[in-house]
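Structure first, then comments.
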Amino acid sequence: MNSFKAIKQVNQIENLLNAAGLGDLVSVTIESALNNRDKKVPHMVARWTTTDLGVNEAKTAFAYNKATAERFEELNRYFSADLFAMGITQRGDFIKATHAQRTEALKATIHPAKFKLLTTKC
């Protein structure tokens with residue numbers, strides 16, 4: 001894939017993320033990474049802040065920590081900007097949620113794609 005097509009893909013993904021209200025929360029870049037044949041090739045990379053189950057600093061108990069989620073996909077003829085963005089936008093409410101809301105969802109074993117933000121109307 002040439003650089004013009006790659007930039008076109010980035011723009012398409014950013015438009016889809018903006019439409020879902022995630023434009024300011026998810027960064028999209030193109031980076032060089034190894035593929036499954038150990039060849040360094042361009043990959044589409046998306047990063048956002050999430051909550052992860054880990055261990056506390058003293059390593060004595062489990063804790064819910066802020067983390068960075070990443071989604072990588074090789075830019076080749078099989079790449080689809082729509083599918084790449086869909087993998088992120090289906091977790092849109094989880095990405096938009098606060099750390100406390102994400103922690104409660106994980107404690108309740110709610111998958112990030114199934115999480116729904118509760119909106120209150122006044």
Side-chain angles (χ1 to χ4, degrees):
M1 179 175 290
N2 64 36
S3 59
F4 175 74
K5 286 183 181 178
I7 291 176
K8 188 176 175 184
Q9 297 286 351
V10 169
N11 289 338
Q12 187 176 357
I13 292 167
E14 287 178 341
N15 289 338
L16 292 167
L17 293 174
N18 285 334
L22 300 172
D24 295 336
L25 302 172
V26 180
S27 67
V28 180
T29 60
I30 299 172
E31 298 177 15
S32 211
L34 294 175
N35 66 7
N36 59 355
R37 294 174 305 283
D38 291 331
K39 183 178 176 188
K40 210 166 201 179
V41 296
H43 281 69
M44 188 69 63
V45 182
R47 290 185 177 90
W48 61 90
T49 301
T50 190
T51 302
D52 230 346
L53 179 60
V55 213
N56 64 7
E57 289 182 24
K59 298 190 187 309
T60 56
F62 289 110
Y64 292 92
N65 306 313
K66 284 187 180 178
T68 300
E70 297 178 322
R71 181 173 168 89
F72 277 80
E73 192 168 328
E74 183 178 346
L75 283 171
N76 57 25
R77 65 176 178 229
Y78 304 110
F79 180 80
S80 166
D82 292 330
L83 278 175
F84 186 82
M86 189 185 308
I88 300 165
T89 57
Q90 71 177 357
R91 293 167 167 77
D93 280 348
F94 194 78
I95 293 170
K96 293 175 189 175
T98 65
H99 176 66
Q101 291 169 322
R102 290 190 299 255
T103 299
E104 290 306 313
L106 291 173
K107 284 180 181 177
T109 66
I110 298 171
H111 189 277
K114 300 288 184 184
F115 177 77
K116 297 291 176 214
L117 274 175
L118 297 176
T119 55
T120 56
K121 295 184 180 180
C122 298

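- Nearest approach of A46 to V26, heavy atoms of both residues: CB-CG1, 4.0 Å.
- Closest of all the heavy-atom pairs between E74 and N35 is OE1-CB, 3.3 Å.
- Within a 6.0 Å radius of CD in E31, more than 12 heavy atoms belonging to other residues, nucleotides or ligands are found.
- The same ILVMFWY cluster, assembled from side-chain heavy atoms under 4.5 Å apart, contains both L17 and L75.
- Considering only heavy atoms from C-beta on, V41 stays 4.5 Å or farther from N76 through its side chain.
- To the nearest 0.5 angstrom, K8 atom NZ is 13.0 Å from I13 atom CD1.
- In this structure, L25 and W48 have side chains that are not in contact, with every pair of non-hydrogen atoms separated by 4.5 Å or more.
- Atom CG of L53 is separated from atom NZ of K107 by 10.5 Å, given to the nearest 0.5 angstrom.
- Using a 30° and 60° split on the angle between ring planes, F79 and F84 fall in the tilted class, from 30° to 60°.
- Side chains of Q12 and D82 form a contact here, defined as non-hydrogen atoms less than 4.5 Å apart.
- In this structure, CZ in F4 is found 10.5 Å from CD in Q9, a value given to the nearest 0.5 Å.
- Looking at M44 and I30, their side chains come closer than 4.5 Å, going by heavy atoms from C-beta outward.
- Distance check, rounded to the nearest 0.5 Å: CG of L22 to CG of D93 gives 8.5 Å.
- Taking NE2 from H111 and CG from L106, the interatomic distance works out to 10.0 Å, rounded to the nearest 0.5 Å.
- Across T68 and R47, no two heavy atoms sit closer than the pair CG2-CB, 4.1 Å.
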Next item on the list: Determine, stepwise, if the pair H99 / R102 fulfils side chain to side chain contact (heavy atoms under 4.5 Å, CB included).
Entry: CA-CA 5 Å; H99 176 66; R102 290 190 299 255; 4.1 Å; yes
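- Heavy-atom minimum distance, A63 versus N56: CB-N, 3.9 Å.
- Closest heavy-atom contact between L117 and A97: CD2-CB, 3.8 Å.
- I110 is connected to F62 through a chain of hydrophobic side-chain contacts under 4.5 Å among Ile, Leu, Val, Met, Phe, Trp and Tyr, so both are in one cluster.
- Considering every non-hydrogen atom in both K40 and S32, the closest pair reads CG-OG, 3.4 Å.
- To the nearest 0.5 Å, atoms CD (Q90) and CD1 (I95) are separated by 9.5 Å.
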